[in-house]
Amino acid sequence: MSPTAGAPEATRPTPRYTKKDFESDQDVRWCPGCGDYAILSAVQKMMPDLGIPREDIVFISGIGCSSRFPYYMNTYGFHTIHGRAPAVATGLKLARPDLKIFVVTGDGDGLSIGGNHLLHVLRRNVDLTILLFNNRIYGLTKGQYSPTSELGKVTKSTPQGSADRPVSPCVFALACGASFVARTVDRNVAHMEETLKRASRHRGAAFVEILQNCNVYNDLAWNVLYDRESKVMAELRLQHGKPLVWGPPDDRRGLVLEGVRPKVVKVGEVAEDALWVHDEREPASALLLSQLWAPDYPVPVGVLVDVEAPIYEDQVLQQEDKAIADRGPGDVGQLLRSGETWTIS
Amino acid sequence: MSPTAGAPEATRPTPRYTKKDFESDQDVRWCPGCGDYAILSAVQKMMPDLGIPREDIVFISGIGCSSRFPYYMNTYGFHTIHGRAPAVATGLKLARPDLKIFVVTGDGDGLSIGGNHLLHVLRRNVDLTILLFNNRIYGLTKGQYSPTSELGKVTKSTPQGSADRPVSPCVFALACGASFVARTVDRNVAHMEETLKRASRHRGAAFVEILQNCNVYNDLAWNVLYDRESKVMAELRLQHGKPLVWGPPDDRRGLVLEGVRPKVVKVGEVAEDALWVHDEREPASALLLSQLWAPDYPVPVGVLVDVEAPIYEDQVLQQEDKAIADRGPGDVGQLLRSGETWTIS
Amino acid sequence: MSETMARATAATKPRRTLTRAVIRFAGDSGDGMQVTGEQFTTEAAWAGNDIATLPNFPAEIRAPAGTLFGVSSFQLQFGSQRVHTPGDLLDALVAMNPAAFKVHLTDLKSGGILIVNTAAFDQRNLDKAGFAKNPLEDAGLAEKYRLHQVDITGLTKKALEDLPLNAKEKDRCKNFFALGLVSWIYTRPVDPTLEWIKKRFGKNAAIVEANTRVLKAGHAFGETAEIFGENYGIEAAEMPAGTYRAMTGNRALAWGLLAAAERSQLPMVFGAYPITPASDILHELSMHKRFRVRTFQAEDEIAAVTAAVGAAFGGAIGVTASSGPGIALKGEGIGLAVTAELPLVIFDIQRGGPSTGLPTKTEQADLMQALYGRNSESPVVVLAPQSPGDCFFIAYEAVRIAVKYMVPVMVLSDGYLANGSEPWLIPDPKALPDIEARFRTDPEGFFPYLRDQATLARPWVRPGTPGLEHRIGGIEKADGSGNISYDPENHDHMVRTRAEKVRRVAQEIPPTTVNGPESGDVLVVGWGGTCGAITAAVEEAQGEGRAVASVHLRYMNPLPPDLGQILRQYHKVLVPEINLGQLVRVLRAEYLVDAVGFNRVRGLPLASQEIYEAITQLLEVKR
Amino acid sequence: MSETMARATAATKPRRTLTRAVIRFAGDSGDGMQVTGEQFTTEAAWAGNDIATLPNFPAEIRAPAGTLFGVSSFQLQFGSQRVHTPGDLLDALVAMNPAAFKVHLTDLKSGGILIVNTAAFDQRNLDKAGFAKNPLEDAGLAEKYRLHQVDITGLTKKALEDLPLNAKEKDRCKNFFALGLVSWIYTRPVDPTLEWIKKRFGKNAAIVEANTRVLKAGHAFGETAEIFGENYGIEAAEMPAGTYRAMTGNRALAWGLLAAAERSQLPMVFGAYPITPASDILHELSMHKRFRVRTFQAEDEIAAVTAAVGAAFGGAIGVTASSGPGIALKGEGIGLAVTAELPLVIFDIQRGGPSTGLPTKTEQADLMQALYGRNSESPVVVLAPQSPGDCFFIAYEAVRIAVKYMVPVMVLSDGYLANGSEPWLIPDPKALPDIEARFRTDPEGFFPYLRDQATLARPWVRPGTPGLEHRIGGIEKADGSGNISYDPENHDHMVRTRAEKVRRVAQEIPPTTVNGPESGDVLVVGWGGTCGAITAAVEEAQGEGRAVASVHLRYMNPLPPDLGQILRQYHKVLVPEINLGQLVRVLRAEYLVDAVGFNRVRGLPLASQEIYEAITQLLEVKR
Ligand SMILES: Cc1ncc(C[n+]2csc(CCOP(=O)(O)OP(=O)(O)O)c2C)c(N)n1
Ligand SMILES: Cc1ncc(C[n+]2csc(CCOP(=O)(O)OP(=O)(O)O)c2C)c(N)n1
Ligand code: SF4
Ligand code: SF4
Ligand SMILES: [Mg+2]
Ligand SMILES: [Mg+2]
């Protein structure tokens with residue numbers, strides 16, 4: 001019997017959903033003002049467009065404020081343990097390749113205790129949509145620095161400043177071979193929806209870093225992208241096949257490559273075709289791009305990479321089908337009597 | 001009292017050592033023909049040149065054939081548990097910044113169960129020399145595929161071939177912010193010694209991937225770099241400040257960059273200055289370089305990156321010194337009476 | 001700050017003198033109930049009362065205002081006699097909003113004082129709390145309780161009218177109105193709070209002024225308002241002379257480590273990964289870099305414990321702390337310290353489980369995990385503090401034993417001890433026992449697994465010592481040489497040696513103190529944070545002439561050598577625990593006594609009343 | 001392959017008939033002793049003997065030739081009566097080199113057969129084994145044992161002179177010379193081995209020819225050489241009629257899972273991270289993709305167990321396997337399954353510990369970890385197979401219970417059961433009990449924590465089922481609704497409910513079989529791989545008319561309901577375990593019986609002889 005089957009409902013016509021259909025009956029328990037609210041509503045809003053029956057959708061999370069997410073989605077959900085959501089989701093996907101599975105994690109859950117699982121789920125390219133809420137802090141435990149906190153970060157656990165350099169979620173994901181990597185911002189609802197939609201439609205492990213505000217323990221950590229002034233000069237909207245340009249209409253900037261070193265130029269001061277053109281199909285270039293950050297460079301926002309790669313569970317299924325095609329389905333009765341046996345009468 | 005002190009021997013003149021001085025009295029228990037033997041002897045040979053008193057040197061390892069390494073070094077050594085050597089070494093370094101600490105790990109120990117610790121020790125840039133013996137297999141457990149095994153690898157646990165794509169140790173290390181990353185080969189003793197020496201002298205986390213042969217479970221996995229024929233066309237020796245060229249004298253090849261895409265050219269068919277010049281001070285370019293592999297590209301061997309970065313324990317010590325400079329050394333008697341107290345008579 | 005002042009407080013209305021009172025402040029997470037409770041605690045402490053406190057807050061960081069799950073509360077009992085617990089039922093309850101009212105009213109004694117902030121009882125809040133109608137309109141309420149409806153919000157606003165603060169800032173002061181009022185009712189001196197306000201808000205004059213005014217306004221309100229007929233005095237308790245401070249369990253654990261580091265002159269590395277309710281130990285220690293105690297916020301619990309093991313290999317004191325789920329992850333790392341025979345201290349601040357469970361609630365269910373939560377025969381020493389202040393001595397003792405016996409020591413605290421506080425008689429650090437850390441430096445005849453005959457400890461060697469280079473690891477070792485050994489007899493010998501080494505720690509255990517008659521009908525055996533509740537219950541039974549005694553264990557493994565003997569002196573043994581019966585299983589297996597458990601697993605401390613009832617029931621069974 | 005053939009074997013020299021024999025093949029890791037032993041096992045099996053085997057190999061992959069730690073051996077006992085163990089002392093020892101000679105000679109009975117490969121006793125090998133002089137030159141040797149010095153290497157070379165193989169390839173055949181010789185000595189049929197050679201080396205004719213020749217040469221050597229005066233016949237054992245196969249514990253566990261998957265028609269996900277001695281379960285299952293059992297080699301043990309939990313959430317059977325150190329890492333993940341109340345099966349193939357310990361040696365010291373190795377009250381069902389073949393039924397039973405009660409089930413096997421093999425009467429899969437997996441599909445009145453009244457199991461729901469969308473997690477839940485709940489009484493209720501659910505599994509336990517009189521002087525209680533040794537010891541005592549019986553537990557938690565009753569029927573209770581006394585503690589705590597342990601922790605199975613002695617000692621104490 002094929003475990004991939006057994007979802008006859010898959011054939012039912014998918015109902016026309018609205019955002020409301022994805023809101024659960026649970027009280028939302030985040031702090032007032034938390035960026036997580038915006039993310040929740042963006043996710044709920046884009047869900048209907050996926051055209052997937054609600055019962056075929058599962059949200060898996062670890063532990064953290066961010067990981068409370070599944071309770072608020074009117075789908076199947078599992079709030080698991082700290083850092084392990086990618087592994088739980090991998091097991092679920094292996095058992096049920098027919099399901100649409102989201103993983104929700106945080107910068108601590110996904111990159112501190114859970115860093116290793118993130119590496120391997122991306123390497124395996126399991127077909128999951130992974131949302132990492134990056135607020136550069138441990139929220140739920142009341143404000144210790146996280147692996148994405150800036151060097152010298154003063155927190156409860158580092159009164160004189162943290163002593164370690166942060167890791168960039170996108171750089172990390174790309175180095176782990178993620179087939180889809182994007183970055184978006186909690187205060188940019190339209191862009192979030194757009195990005196989440198694309199991530200959800202990608203086949204394979206899709207990783208999205210969502211810059212999220214923890215107004216209680218790390219307020220305005222992403223202010224460079226919130227503040228009207230700084231934003232125009234700091235936000236680089238990625239568009240496939242388009243040159244990497246940003247800035248106010250009267251003062252457009254662009255990127256050119258000097259060898260492997262990206263350089264900021266004023267648009268117009270260089271030839272159009274000298275500008276670095278964004279190519280989502282180029283992991284190597286995405287890896288360069290993902291290393292850019294303000295103030296020296298703009299902050300790339302949008303889809304960094306979107307490529308096809310072998311999907312773990314696809315191959316597992318192919319191997320099964322082949323084994324069965326070659327030698328027929330398993331039969332325990334036969335198996336027990338296979339190989340050397342002898343009879344005593 | 002400063003824990004960094006208490007090593008008065010540090011002032012003694014360092015004895016003139018020979019290789020023998022670093023050989024322990026333990027029987028070496030690797031399989032005959034194992035690449036680990038060559039690595040052991042290379043390490044023992046380069047030790048005297050470090051000019052560090054033997055008693056100030058510690059080897060920390062996890063579990064695996066490779067992790068048996070410390071037993072064979074006549075220094076201090078600790079064969080810990082699977083995957084945790086970087087964490088053990090971090091604690092040791094925090095307690096004893098005066099020691100020279102090596103970490104020995106394998107592709108399974110360091111990148112499977114231990115991947116997260118590797119990420120964080122590199123991110124923190126703890127002053128450690130980390131040697132990862134990459135044989136693309138689990139040796140000690142008798143031959144299952146590892147995170148560096150090629151896709152489709154047939155092993156005991158994957159009779160129909162593995163279903164996940166490998167991670168590159170060097171790409172991973174660079175993405176984690178390693179301040180020194182190099183690659184060398186067990187069958188190239190001279191190059192190993194040279195590379196290990198440089199790694200040992202680097203301050204901060206130095207990561208060396210050693211391509212190692214497991215002749216029992218994964219023989220000749222690196223044959224492209226062993227075989228005389230293929231080697232000349234496959235091995236790219238990195239030299240700081242020199243163009244990236246390789247190949248036999250009569251058929252030299254080189255790399256040029258087309259945008260961010262490296263391209264193989266025949267030396268001479270392009271202008272000298274068009275060739276991509278290796279710069280160890282350029283992590284971004286190292287990240288590009290580290291992604292190259294045979295057959296489409298040569299395999300870079302040597303030092304990929306060597307930069308200065310803030311060192312975790314240095315800053316911890318600075319914070320202590322500052323705290324003491326500002327407010328004097330701690331005194332428990334005072335502490336207990338600090339803040340609100342009241343007396344009952 | 002002189003005591004004379006601590007006593008002074010005007011009282012023109014009639015004052016009744018009580019021996020003890022139990023009060024609780026309850027409101028929104030945002031209402032500052034924790035500060036209010038802590039300040040009242042300080043005031044009572046200054047007045048010389050004995051005190052026990054019980055903070056209680058939601059798992060959510062800042063749950064939406066007005067919700068039931070967002071309620072935060074702080075309870076304390078203070079008295080002129082020894083106070084063992086925060087108390088069971090309340091003499092007074094302050095409810096800042098309907099949700100707090102709903103959640104906590106059930107704990108108020110009938111006839112108890114009930115102060116409500118009427119302003120908060122509007123439709124929105126009533127809905128959020130799920131009240132169909134305003135409960136204050138229920139006439140029965142005023143009959144059952146001494147109800148005081150006070151517009152705390154409004155009175156606070158009024159008191160601050162002319163101050164240059166925005167509405168939100170003003171509203172934030174209202175908790176101090178409640179504090180002032182309750183301070184008046186129980187005639188506790190507000191001086192320490194006035195001082196605290198200065199210290200805390202020093203930089204911001206307006207805020208200092210505002211809080212000061214509101215505090216005084218609340219106090220004056222009690223004095224003048226018609227509604228309060230009388231107030232209450234509670235004499236200073238008979239407490240040992242000396243200088244006191246308020247002490248919480250987590251801080252005490254941290255300071256105990258500092259004392260051990262200072263005395264032993266050893267470097268200390270504290271590796272931890274944040275987790276409720278253990279995080280504050282990391283926070284506290286990281287503020288004391290002057291002691292050269294190195295805090296390491298690791299990437300996970302496994303890194304935290306193995307880093308501590310690495311530090312121990314380097315000749316430092318390796319310490320790690322977590323709560324249940326994190327301790328579960330440390331099992332393998334602890335096992336490494338067991339076989340490497342290195343000193344290691346592990347703090348387990350127990351919380352409600354299993355799994356994530358009830359992160360902010362207390363429990364005692366990790367005893368079995370402490371004893372057995374590792375593969376194979378992997379013995380460690382286990383200690384348990386019996387009060388917040390005792391955490392200081394237990395932490396120190398843990399280091400002393402770990403170093404002397406080269407063994408891991410696990411300390412079982414809990415969420416109640418961690419956050420609860422008590423007046424603590426400040427000890428003289430010099431009076432603490434010595435910590436014997438002798439490093440081997442002599443190469444002559446050295447082997448890493450040679451043993452001290454008294455303790456069976458192997459030599460501790462600091463890397464850097466010439467001539468002592470050696471290698472150890474997690475594989476079984478030949479006793480003496482420490483070389484890898486697969487020899488069957490050696491393995492059996494080593495397994496027994498590691499067990500015997502832990503057993504030898506019994507040498508360190510002082511004679512067990514029995515609270516009550518040396519023999520009798522019922523012996524109550526407890527451990528950890530239930531000490532106060534058990535003592536109160538037992539004393540109550542004793543007061544009625546029952547032949548009941550109690551023993552409270554601080555050494556859980558090994559057990560005190562005299563314990564078996566003591567157990568046999570009583571007809572019945574009762575073991576109250578906040579779990580399903582863990583110590584009771586250990587005692588039954590160890591001594592074959594028919595000990596029975598009293599178990600409630602509610603995420604709350606046990607009430608002395610219910611323990612008292614369990615005792616009396618057991619006495620009846622006997623007859 | 002007909003049995004008649006299995007009986008046929010020429011015998012012109014005098015043949016003595018024995019009832020049982022214990023023999024051991026010992027040599028270098030490279031000498032192929034495991035294959036030799038396995039093949040001899042097959043031969044004896046075909047001859048209808050009952051058998052028990054004990055492979056024993058070094059932790060090193062291929063330790064350098066000739067070293068003591070590089071010695072690999074394979075022991076078996078075969079007989080015409082029921083064989084319970086691989087045997088204690090040896091009737092015959094084959095030593096392929098000096099190291100093997102040194103390590104194993106001590107186990108040979110005086111008067112036993114000793115076959116040595118003289119060619120290997122050269123200076124280099126003697127040095128490596130630490131022999132000052134060649135022990136074969138010691139005259140005493142031939143007096144104490146029936147010594148046969150055979151130049152196995154040389155004779156093998158000679159037999160292959162004309163074959164187109166290099167020296168190394170030829171030398172590799174020498175183990176089959178020994179096999180042929182021993183097959184002749186014990187008149188076991190070589191036919192199955194000849195068959196095996198064809199199958200194994202089929203592609204390479206030269207190798208087939210070589211091994212065949214050498215095997216026959218060895219056989220002929222025994223027949224013709226002067227040195228062997230006689231050989232031995234061992235009749236077929238009285239075994240239940242039916243078709244048999246050789247079965248090892250790890251394969252039996254894997255096949256038991258396949259049977260459970262087939263019967264239940266549930267998908268199965270097996271998550272594991274390689275570790276000795278559990279890896280072979282992963283290897284075995286990964287060869288059976290036709291059963292759609294999905295093996296997942298995870299990045300670590302935590303991912304392995306949590307992936308299994310994820311699969312269970314998806315409506316599949318989630319299984320994970322490891323050994324002690326890996327199980328220690330899984331504690332938190334198992335706790336998640338406990339509170340999520342999902343079916344999960346965990347195999348713990350116990351090995352020597354603590355920490356890395358003795359990876360290739362056996363032990364029974366993870367019982368406490370299985371019961372308590374998690375934070376808080378986190379009960380799981382624990383089962384233990386009693387023989388290699390029993391692993392099949394236990395694995396199946398584990399799935400059945402996990403699914404029926406929505407609970408994690410831990411199976412405690414060990415290195416001895418995992419690699420040891422026995423003749424196994426092949427069962428009819430259809431005769432296995434049903435596996436009741438009923439998925440809830442009706443939205444009407446659904447809540448995720450509603451319970452079945454008989455089992456207390458909550459409903460299992462497959463994501464994809466319309467109208468049953470729900471969310472669960474590791475935080476405490478309100479019974480019924482499954483919503484997050486911090487309510488104190490609910491928590492107490494849930495903690496007790498999870499415990500009660502595990503207790504209810506007692507309904508599944510058949511009446512305990514007592515091997516011996518229903519009351520008497522000594523009852524021996526065991527569990528796991530010691531079954532054979534205990535049975536043999538008890539039968540020996542019974543044979544001498546002692547009032548001794550034994551009970552072997554397969555259900556460790558909950559314990560059989562009738563056990564307490566049974567224990568009280570004997571004056572003394574003896575509990576032999578390969579640990580420092582774990583089950584004995586459980587029995588003492590549970591039943592307050594003064595059970596005593598017999599404990600040897602050597603990484604080896606217990607010898608029936610030593611258990612027998614422990615029994616007799618206990619009998620004396622009584623008198
Ligand atoms: C095993 C374990 N260790 C530690 C914790 C405590 N803990 C809960 S959430 C968290 C970090 C959360 O940070 P992040 O993932 O960034 O989530 P956020 O709250 O910031 O959204 C920690 C350390 C835990 N619950 N379990
Ligand atoms: C906690 C734990 N899990 C699993 C193992 C089993 N194990 C030992 S070494 C190893 C992998 C070794 O691979 P690698 O690091 O590549 O070392 P190699 O033997 O190839 O040098 C595994 C899975 C273990 N010892 N401990
Ligand atoms: S603590 Fe921060 S991240 Fe958590 S809910 Fe509050 S604001 Fe959001
Ligand atoms: S198994 Fe492979 S890696 Fe291990 S010792 Fe043997 S050859 Fe070396
Ligand atoms: Mg965060
Ligand atoms: Mg390897």
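Chain letters run A, B, ... following the sequence lines, proteins first, then strands; residues in each count from 1.
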Could you check whether atom [atom1] of [X] has more than 12 heavy atoms from other residues, nucleotides or ligands sitting under 6.0 Å from it?
{"X": "C/Arg200", "atom1": "CZ", "result": "no"}
{"X": "B/Lys45", "atom1": "NZ", "result": "no"}
{"X": "B/Tyr17", "atom1": "OH", "result": "yes"}
{"X": "B/Lys19", "atom1": "NZ", "result": "yes"}

Between [X] (side chain) and [Y] (backbone), is there a donor-acceptor pair under 3.5 Å?
{"X": "C/Glu262", "Y": "B/Val332", "value": "yes"}
{"X": "C/Arg245", "Y": "B/Gly339", "value": "no"}
{"X": "C/Trp46", "Y": "B/Trp342", "value": "no"}
{"X": "C/Arg290", "Y": "B/Arg327", "value": "yes"}

[X] portion near chain C, given a 4.5 angstrom heavy-atom threshold:
{"X": "B/Glu313", "value": "neither"}
{"X": "B/Arg123", "value": "neither"}
{"X": "B/Phe59", "value": "neither"}
{"X": "B/Thr80", "value": "both"}
{"X": "B/Leu336", "value": "both"}

Once the angle between the rings of C/His470 and B/Tyr76 is folded into 0 to 90°, is it parallel (under 30°), tilted (30 to 60°) or perpendicular (over 60°)?
perpendicular

Region of [X] in contact with chain B, defined by heavy-atom distances below 4.5 Å:
{"X": "C/Pro423", "value": "both"}
{"X": "C/Lys199", "value": "side chain"}
{"X": "C/Phe439", "value": "neither"}
{"X": "C/Ala340", "value": "side chain"}
{"X": "C/Leu468", "value": "both"}
{"X": "C/Leu342", "value": "side chain"}

Using a 4.5 Å cut-off on heavy atoms from C-beta on, say whether the side chain of [Y] contacts that of [X].
{"X": "B/Arg29", "Y": "C/Ile484", "value": "yes"}
{"X": "C/Glu332", "Y": "B/Arg84", "value": "yes"}
{"X": "B/Arg96", "Y": "C/Pro463", "value": "yes"}
{"X": "B/Phe78", "Y": "C/Ile472", "value": "yes"}
{"X": "B/Asn74", "Y": "C/Arg471", "value": "yes"}
{"X": "C/Glu299", "Y": "B/Leu119", "value": "no"}
{"X": "B/Arg68", "Y": "C/Ile475", "value": "yes"}
{"X": "B/Pro329", "Y": "C/Arg292", "value": "no"}

Measure the [atom1]-[atom2] distance between [X] and [Y] for me, rounded to the nearest 0.5 Å.
{"X": "B/Thr341", "Y": "C/Tyr244", "atom1": "OG1", "atom2": "OH", "value": "12.5 Å"}
{"X": "C/Ile426", "Y": "B/Arg337", "atom1": "CD1", "atom2": "CZ", "value": "5.0 Å"}
{"X": "B/Glu340", "Y": "C/Thr42", "atom1": "CD", "atom2": "OG1", "value": "5.0 Å"}
{"X": "C/Arg251", "Y": "B/Leu335", "atom1": "CZ", "atom2": "CG", "value": "8.0 Å"}

Of the listed residues ([options]), which shares the most heavy-atom pairs with chain B below a 4.5 Å separation?
{"options": "C/Gly474, C/Ala241, C/Ala45", "value": "C/Ala45"}
{"options": "C/Thr339, C/Ile302, C/Val309", "value": "C/Ile302"}
{"options": "C/Val269, C/Leu336, C/Asp428", "value": "C/Leu336"}
{"options": "C/Ala303, C/Gly271, C/Ala316", "value": "C/Ala303"}

Which heavy atom in [X] sits nearest to a heavy atom in [Y], and how many Å separate them?
{"X": "B/Gly77", "Y": "C/Phe313", "answer": "O-CZ, 3.5 Å"}
{"X": "C/Arg294", "Y": "B/Ala95", "answer": "NH1-O, 4.0 Å"}
{"X": "C/Thr306", "Y": "B/Ala87", "answer": "OG1-CB, 3.3 Å"}
{"X": "B/Tyr71", "Y": "C/Gly473", "answer": "OH-CA, 3.8 Å"}

As an exercise: rank [options] by heavy-atom pairs under 4.5 Å with chain C and give me the winner.
{"options": "B/Asn116, B/Ile60, B/Thr75", "answer": "B/Thr75"}
{"options": "B/Ile63, B/Asp25, B/Asp321", "answer": "B/Asp321"}
{"options": "B/Gly333, B/Ala325, B/Ser67, B/Gly328", "answer": "B/Gly328"}
{"options": "B/Gln26, B/Arg124, B/Lys100, B/His82", "answer": "B/Arg124"}

Would you please test C/Phe296 and B/Thr90 for side-chain contact (heavy atoms from CB on, under 4.5 Å) and show each step?
CA-CA 9 Å; C/Phe296 169 54; B/Thr90 299; 3.8 Å; yes

With side-chain contact (heavy atoms from CB on, under 4.5 Å) as the test, would you mind laying out the steps for B/Glu55 and C/Val461 before giving the verdict?
CA-CA 11 Å; B/Glu55 62 270 17; C/Val461 179; over 6 Å; no

